[in-house]
Structures are given as structure tokens and as C-alpha cells.
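Quick notes on the structure that follows.
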There are 2 protein chains.
Amino acid sequence: MSQRQTPSYDGSMTHPPATLDRPATIADVARLAGVSVPTVSRVLTGAARVSEERRHRVDKAIASLGYRPSAAAQVLASRRSMTIAIVAANTSRYGYAEAIRGVEESARAAGYAVIIVVVESERNDEVRAAVDAVLRQSVAGVVILKFDPPGVAALKALQSAVPVVALSGVPEAGVPQAVLDESEAAAALTEHLLNLGHATVHHVRIPPSGKEDGRTTGWRLALQRHRKWVPPIEDVSWDVTTAYEIGTRLAKDPEVTAVFCGNDETAMGLIRGVFDSGKKVPRDISVVGFDDHPLASMFIPALTTARQDFAELGRHGTAQLMALLEGESPLALETVEPPLVFRESTAPPSKHPR
Amino acid sequence: MSQRQTPSYDGSMTHPPATLDRPATIADVARLAGVSVPTVSRVLTGAARVSEERRHRVDKAIASLGYRPSAAAQVLASRRSMTIAIVAANTSRYGYAEAIRGVEESARAAGYAVIIVVVESERNDEVRAAVDAVLRQSVAGVVILKFDPPGVAALKALQSAVPVVALSGVPEAGVPQAVLDESEAAAALTEHLLNLGHATVHHVRIPPSGKEDGRTTGWRLALQRHRKWVPPIEDVSWDVTTAYEIGTRLAKDPEVTAVFCGNDETAMGLIRGVFDSGKKVPRDISVVGFDDHPLASMFIPALTTARQDFAELGRHGTAQLMALLEGESPLALETVEPPLVFRESTAPPSKHPR
DNA sequence: CCCCTTCTTGAAACCGCTTTCAACCATCGG
DNA sequence: CCGATGGTTGAAAGCGGTTTCAAGAAGGGG
């Protein structure tokens with residue numbers, strides 16, 4: 001199609017004796033090996049026995065031609081696919097990126113290729129486009145990151161058409177899924193703050209996946225369990241600067257002495273906002289995050305938070321999908337509970353407010 | 001293949017009057033529209049004129065059947081593909097994730113699907129596996145993140161076999177690429193430190209892309225230009241804790257008053273290490289990072305750094321690839337220079353060492 | 001020694017689409 | 001009124017594999 005302009009290194013790994021000018025096909029292999037095409041196919045797929053001797057000739061031919069079966073042709077002929085799709089609203093945000101890494105890794109290990117389709121919003125045309133992209137590619141199955149409205153919408157639109165497993169923060173019936181149960185840890189974190197002596201804890205909520213995410217639920221539960229006042233929720237966007245602003249705002253309110261942030265980035269932004277307002281964390285205000293972001297322990301003050309292993313979640317999701325594809329019974333719904341990690345951003349409330 | 005277990009929402013977007021139990025094919029559409037298969041193909045691809053009336057019938061049939069052309073069949077028949085591959089060593093690290101997001105976004109806008117193949121190391125079998133994955137998928141082209149040894153190896157192995165553009169931090173001849181020229185900014189950052197009065201600037205190097213990356217080169221150049229001593233380089237892994245350790249080590253050396261870190265995460269880890277060793281940034285040691293990570297401005301102290309727009313780099317790369325695929329002359333090698341951003345982590349050296 | 005199994009093998013059909021290519025139709029100029 | 005011209009259309013041939021099926025070879029039992 002287009003000539004490479006570097007004649008130097010011809011990538012010997014690519015087509016060793018490079019005798020053809022086009023990529024080798026199964027017919028080329030068959031010819032060179034002196035066998036029929038179906039025989040080559042059989043050694044490729046291992047679907048049926050092939051005599052030792054022929055198999056060997058075929059293997060040699062494959063190696064010598066640098067032959068690589070065309071995935072497209074295989075899909076078409078066999079009606080089954082060795083690629084899965086990951087659908088997510090975002091690929092670069094920490095938790096998402098880690099989850100994607102987890103499913104990619106394990107999918108690759110299982111011999112699957114992965115295509116990534118992002119659906120940025122829950123707008124109908126966007127969701128439709130994503131569904132289209134997935135379905136046109138004839139994937140074996142899809143893993144959906146169901147942490148936000150776009151994910152939820154994509155799941156809804158896709159689950160009837162193709163094997164799907166969802167990665168999520170709250171268990172939900174009806175869909176195979178891997179879940180990182182956030183509500184327990186959120187509650188525990190909130191209680192930690194309460195036990196420190198804070199009258200209540202405020203909550204900064206990250207964009208939720210539906211009605212309510214596990215983090216918010218856990219926080220509310222803990223407060224109710226301890227019969228504490230449930231302050232109004234502060235909503236934050238994915239952009240850290242909004243967390244910063246909330247920090248400056250909250251710093252002015254003498255009532256707030258403890259805040260539970262939906263994730264660590266938010267916590268860091270908020271702490272900075274508090275700091276720039278002349279208050280200190282944890283002296284004047286205690287802050288907890290969520291996720292245990294790689295920088296959470298480096299931040300000054302280091303964040304008290306709950307560790308989420310998103311990559312592991314992704315691996316679980318893939319395993320779930322593989323099982324589903326094999327027709328096995330869905331794996332036990334392993335919900336992993338994030339362990340708490342206590343660091344420097346929390347302390348008893350100050351004796352001298354203001 | 002496997003029954004969905006939720007009979008409730010049947011995803012009306014997926015196959016509206018769902019009359020077939022299998023996905024509709026082009027033949028189904030042709031039959032329903034009362035035209036031949038090639039005619040449907042023509043309205044699909046727009047390759048040839050079709051009478052107004054037939055086109056309309058076909059469109060209606062497509063809509064009513066919820067027909068989606070099979071990408072695999074299209075690839076096979078047309079010998080051209082509408083998917084590109086991104087190959088990267090890692091998908092979740094900040095810069096990589098952003099770059100991937102950039103190429104995904106623009107590829108999607110251009111109508112391309114994207115598969116992601118990661119090559120974790122430069123080990124021969126790994127590189128080979130990646131090459132295999134790419135080539136088997138019959139992609140139109142690939143974008144390689146050439147920021148580390150695995151990327152370099154993959155590039156080398158792939159460039160002779162398929163249209164490739166590299167995303168990189170240092171210009172290199174012979175390969176179409178989009179580059180974020182890091183050396184200028186690195187030099188400027190180093191000079192900023194020198195101008196502040198520091199005797200020299202130490203350097204913590206992130207895993208390099210080959211012999212030397214632009215950041216290191218720029219740093220060295222600036223030092224030489226100012227006839228300053230070039231201290232031995234500290235190497236750091238991607239794991240932030242190694243940066244932390246280097247920080248504790250450097251803090252003990254009274255000679256080091258300024259350090260240039262290969263990226264912001266490293267800078268933050270290092271600052272924390274310095275902090276835990278009883279020294280303060282920038283009072284005792286000045287630190288600069290690179291990238292302008294979203295948290296760089298929230299960190300305390302906020303980082304002086306150089307802003308890198310990796311997503312934009314990704315977009316440039318895709319544009320480059322598209323041009324290449326159209327047979328257009330490669331776009332002018334737009335090298336973007338990262339703008340410097342001065343914040344709190346740098347200051348004149350302390351008058352009272354120790 | 002013969003017939004029936006069991007394996008291994010290749011011919012042919014097919015997967016869902018694109019791409020010649022030739023046939024057809026209508027229009028148009030002479 | 002006729003042949004030339006140009007635009008639409010469908011039949012048929014692939015694209016690169018897999019799968020069905022029947023044929024041939026080899027092995028086994030009576």
C-alpha cells in the first residue's frame with residue numbers, strides 16, 4: 001500500500017526469507033508444504049489430528065514464509081472471534097486506565113486481542129455509535145467500565161446483543177460483573193473520622209454511576225448508623241480544579257472539620273484549596289480520599305484512603321467474561337473489599353476552631 | 001452463542017424490529033429491499049451511483065433490519081482496513097494514557113476503530129508477539145508510543161511491514177512521527193534553576209527511550225552551555241517509591257541544591273523523600289518536574305514544570321498517519337515545544353547550607 | 001483373507017462483503 | 001430511425017480462512 005522509506009532494517013522478525021511481496025496466505029503455506037489448505041488450517045487450529053510428518057512440514061513452511069493467519073478471515077469463516085472490546089467513558093483517568101490495563105493484560109494472556117471503544121457521554125447518538133463500533137467488529141464479548149452514566153448506558157444498550165461483563169463499584173443483579181465493593185470501605189473511612197471525634201463528615205462526590213455510587217452510599221450509611229447529621233453533598237467534576245474550589249469554599253465554613261472525598265485526586269485538589277485558604281490539613285480539617293492513587297502516599301500530607309486495585313478488578317472482569325464465553329457458570333461474584341490505609345491527612349478535630 | 005439473561009430491556013437501538021435471530025447480513029438487506037447485493041454494497045460504500053429510489057429502499061431495509069456491515073468481511077473483501085493499532089509499553093501511566101486518549105479520539109473521529117497492543121518489554125518474544133498481534137489484525141496503520149525501549153523495539157520491528165507513525169520526545173529521521181520536543185524545554189528549565197543561582201542541577205532520569213531522551217539531553221546541554229559541572233545521573237524506575245528513595249539520598253548531600261526530574265510524578269516522590277529527610281522544598285532544595293501532571297499544581301509545593309500536551313501529540317500522530325494512508329506527503333514535522341510553568345518548587349539556593 | 005472401523009486427507013462449499021465485467025436501458029446526435 | 005454514449009444494475013468471481021463430507025489408507029477382528 002505504501003512503501004516504507006527505511007530500507008535499512010527490514011525487520012527480520014517480520015518475514016524472514018521474504019520471498020513474497022504480499023503477506024503469505026494459507027494457500028502459500030499449503031503449496032510450500034505440499035499439503036492441502038484444510039490440512040494447514042488443521043495444524044493452525046489444532047481442530048483435528050494431522051500426521052506428525054505433515055505437521056512438521058507445515059510448521060516449517062509457516063516459519064519460512066513468516067505466515068500469520070488473517071484474523072478477519074478466521075472470524076468470517078469460523079464465526080467466532082478472538083478479540084474482545086473494552087468500552088469505557090475515558091481511558092486516561094487513573095482508575096479507568098488501571099482497569100483497562102488489567103483487562104488488556106489478562107485478555108492478551110488468554111490470546112485475545114482487544115479493541116477499545118470510548119463512549120464519552122450518555123447521549124443517544126454517542127451510545128449508538130459505540131454500540132455500532134462494537135457490533136461491527138464482531139467481538140467475542142465486551143467488558144464495560146460501568147462507573148459512570150455513559151458506562152451504564154452502554155451496558156444497557158449492549159447487554160442484549162453480545163456477551164458482556166461489567167466492572168463496577170456497586171453490585172447489581174442481572175449482569176455478570178466484577179465489583180469492587182466500595183460502600184463498606186467508604187463507611188469504614190467515614191467511621192474512622194467519626195471515631196476521631198468529628199461531629200460529622202462532609203462528602204465531595206465524584207460523578208456518579210447512576211442514582212448513587214458505593215462511596216456515597218457508604219458514607220451516608222455510616223453517618224446514619226452513628227446518628228450524625230448528613231450534610232449536603234458537594235459535587236465535583238473530574239477536573240481537579242473544581243475540587244480545589246470546593247476546598248476553598250469548605251475552608252471558610254467552621255462547621256466542616258472532616259471531609260470524605262470521592263477519590264484521591266479530588267482529595268489532593270481539595271487539600272490544596274484548603275491550604276490556599278490559610279488552613280492546614282489535618283490540623284484544621286481532616287480529609288480522606290479513595291483509591292490509594294500512586295501519589296497519595298507522596299502528597300504532603302499523605303492521604304488516608306482506601307486502596308482500590310483496579311487492575312485486579314479488570315483481571316477479574318476478563319476472567320468472568322472468559323468463563324461466560326466458555327459457557328461455564330458465571331464465576332462467583334467476587335467482590336473485593338478495599339483495604340483502608342491510614343496516613344497523615346486525618347486527625348482529631350482541633351480544640352481551637354478558626 | 002450465549003443467552004442474555006435479562007429479557008427486560010432488549011436494547012431497542014440494537015435491532016429494532018428484530019425479526020432475524022442472527023445478525024442481518026447484506027443479503028438480507030438486499031432481499032428486503034428488492035435489489036442485488038452489490039447494489040447494497042454500493043450504497044454502503046458510496047463507491048458508485050445508485051438511483052435515488054433504490055438507495056432509499058436500501059436505507060429503509062438497513063434501518064429496519066438494524067443491519068451493521070461486518071468489519072471482518074469488509075476487510076477481507078476490500079483489502080483495506082478501517083482500524084488502526086496503538087502500540088505502547090503501558091496504558092495507564094499518565095503521559096501514555098493521555099497520548100492514547102488523543103489518538104483514540106481522533107481515530108474515532110476519522111471513522112477508525114482502534115485496537116491496543118501493549119508490549120511490556122523489549123524482550124524478543126514479547127516484541128514478536130506484539131508484531132504478530134498487529135499484523136494478524138490487518139490494520140490500516142499503527143501509532144507507536146516510542147518513549148521507551150519496548151516502543152523503540154516495536155517500531156523497529158514494525159516499520160517495514162505496515163504504515164507506522166511514532167509518537168516521541170526526540171526527533172528522529174526516517175520515521176513519520178509526531179514529536180513533543182522536550183530538549184528545549186528541559187534546557188530552559190535547567191537554565192531557570194541556574195539563573196536562580198544554583199551551582200549546578202542534578203538530574204533524575206526516567207526510563208529512557210534509547211540512548212538518551214530529550215529531557216536528559218536538554219539538561220546536559222544547558223549545563224554545558226553554562227560551563228557547569230554535570231553531576232552523575234540518578235536513574236529512577238516508573239515506580240514512584242524509587243523517586244522517594246532518591247529524594248532521601250539526595251537530601252543528605254549538601255552539594256545538591258537543585259534537581260531536575262524526568263517527570264512530575266518523580267518530582268513529587270522525590271520531594272516527599274526530601275521532606276521526610278527533614279529538608280524543605282524549595283527552601284533547601286529546588287525541584288522541577290516535567291509534563292505538568294494534573295496534580296502538579298495541587299501538590300504542596302506546587303511544581304515548576306513544563307507542560308506537555310500528550311493528548312495533542314496523539315492527535316497529531318493520528319493526523320500524520322491518516323495523511324500517510326491517503327498517500328499525501330507526510331505533514332510538516334510539527335514539533336511542539338512544551339511551555340514552561342513556574343510555580344513554588346523552585347527558589348534561589350539557601351544562604352545557610354545544612 | 002476379507003470386511004469393517006478408525007484415521008488422515010483433500011475437494012468443495014461457505015462466511016459476508018467488494019469488485020470486476022458485461023448486459024441493459026435511456027438518451028442523444030446525425 | 002439508428003448507432004453511439006453514458007449511467008445503473010446484477011452475475012460471478014474472489015478475499016483468506018474453516019468446516020463438512022466423502023474417499024483412501026491403515027489397522028483389527030473373525
Side-chain angles (χ1 to χ4, degrees), chain A residues 1 15 20-58 61-62 65-83 113 132 135-140, chain B residues 1 15 20-58 61-62 65-83 113 132 135-140:
Chain A
M1 182 155 285
H15 34 222
L20 265 22
D21 60 333
R22 52 174 174 75
T25 72
I26 196 173
D28 298 321
V29 174
R31 201 170 309 126
L32 181 58
V35 302
S36 73
V37 165
T39 295
V40 178
S41 173
R42 285 189 267 260
V43 348
L44 247 37
T45 63
R49 305 189 49 80
V50 171
S51 68
E52 186 61 33
E53 185 248 347
R54 275 161 190 261
R55 180 205 317 289
H56 188 243
R57 291 216 312 267
V58 170
I62 287 178
L65 256 34
Y67 166 71
R68 271 178 264 268
S70 150
Q74 288 183 313
V75 164
L76 201 54
S78 70
R79 240 168 302 269
R80 75 181 82 93
S81 164
M82 286 303 279
T83 108
D132 255 63
L135 264 24
R136 287 181 40 119
Q137 294 295 324
S138 47
V139 297
Chain B
M1 181 153 289
H15 36 221
L20 266 22
D21 60 331
R22 51 173 174 74
T25 72
I26 196 173
D28 299 321
V29 174
R31 199 170 310 124
L32 181 57
V35 302
S36 72
V37 165
T39 295
V40 178
S41 172
R42 285 189 267 259
V43 348
L44 247 37
T45 63
R49 305 188 50 79
V50 171
S51 68
E52 186 60 33
E53 186 247 347
R54 279 164 186 259
R55 179 203 318 288
H56 189 244
R57 290 212 317 263
V58 169
I62 288 179
L65 255 34
Y67 166 71
R68 271 177 265 266
S70 150
Q74 288 182 313
V75 164
L76 202 54
S78 70
R79 243 167 305 267
R80 76 181 81 92
S81 164
M82 285 304 278
T83 108
D132 255 62
L135 264 23
R136 288 181 39 120
Q137 295 293 326
S138 50
V139 298

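Every chain is numbered from 1 and lettered A, B, ... according to where its sequence line falls, protein lines coming before strand lines. Only heavy atoms go into these numbers, but all of them, side chains included; no hydrogens, no water, no symmetry mates.
Here the P atom of nucleotide D:dC15 and the CZ atom of A:Arg22 are 9 Å apart, to the nearest Å. A:Arg42 places its CZ atom 20 Å from the P atom of D:dG16, with the value rounded to the nearest Å. One can place CD of B:Glu52 at 16 Å from C1' of D:dT9, the figure rounded to the nearest angstrom. If you take CG of A:Leu76 and C1' of D:dT19, they are 13 Å apart, rounded to a whole angstrom. Rounded to whole Å, atom P of C:dT9 lies 5 Å from atom CZ of A:Arg54. C:dG16 atom P lies 11 Å from atom CZ of B:Arg31, rounded to whole Å. The distance from atom CZ of A:Arg80 to atom C1' of C:dC15 is 12 Å, rounded to the nearest whole Å. Between the P atom of D:dT20 and the CZ atom of A:Arg79 lies a distance of 9 Å, rounded to the nearest Å.
Considering only heavy atoms from C-beta on, B:Val35 comes within 4.5 Å of B:Arg57 through its side chain. Using a 4.5 Å heavy-atom cutoff, the side chains of A:Leu32 and A:Leu65 are in contact. The closest side-chain heavy-atom distance from A:Pro69 to B:Arg136 is below 4.5 Å.
An OP1 or OP2 oxygen of C:dT18 is reached within less than 4.0 angstrom by a side-chain nitrogen or oxygen of B:Gln74. Contact check, A:Thr39 against C:dT8: no side-chain N or O comes under 4.0 Å of OP1 or OP2. Listed pair B:Thr25 / C:dC15 fails the phosphate criterion, with no side-chain N or O lying under 4.0 Å from OP1 or OP2.
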Can you list the steps and then say if B:Gln74 with B:Arg80 is a side-chain hydrogen bond (donor to acceptor under 3.5 Å, both in side chains)?
CA-CA 8 Å; B:Gln74 288 182 313; B:Arg80 76 181 81 92; over 6 Å; no
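Of the candidates D:dT18, C:dC7, C:dC17, C:dC7 carries the atom nearest the A:Arg49 side chain, counting heavy atoms from C-beta on. For A:Ser36, taking side-chain heavy atoms from C-beta onward, the closest of the listed nucleotides D:dG10, C:dG10, D:dT19 is C:dG10. Nearest to the side-chain atoms of B:Ser70 among the listed nucleotides C:dT9, C:dG16, D:dG10 stands C:dG16. Closest to the side chain of B:Leu44, out of C:dG16, C:dT18, D:dT18, is C:dT18.
The nearest pair of heavy atoms linking B:Thr25 to B:Tyr67 is C-CE1, 3.5 Å.
Note on B:Val37: a base of the nucleic acid sits closer than 4.0 angstrom, heavy atoms only. Among the atoms of the strands shown, base atoms are found under 4.0 Å from some heavy atom of A:Pro38.
Annotation: of the two residues near DNA chain C, A:Val35 and B:Ser78, the 5′-most nearest-nucleotide partner is A:Val35.
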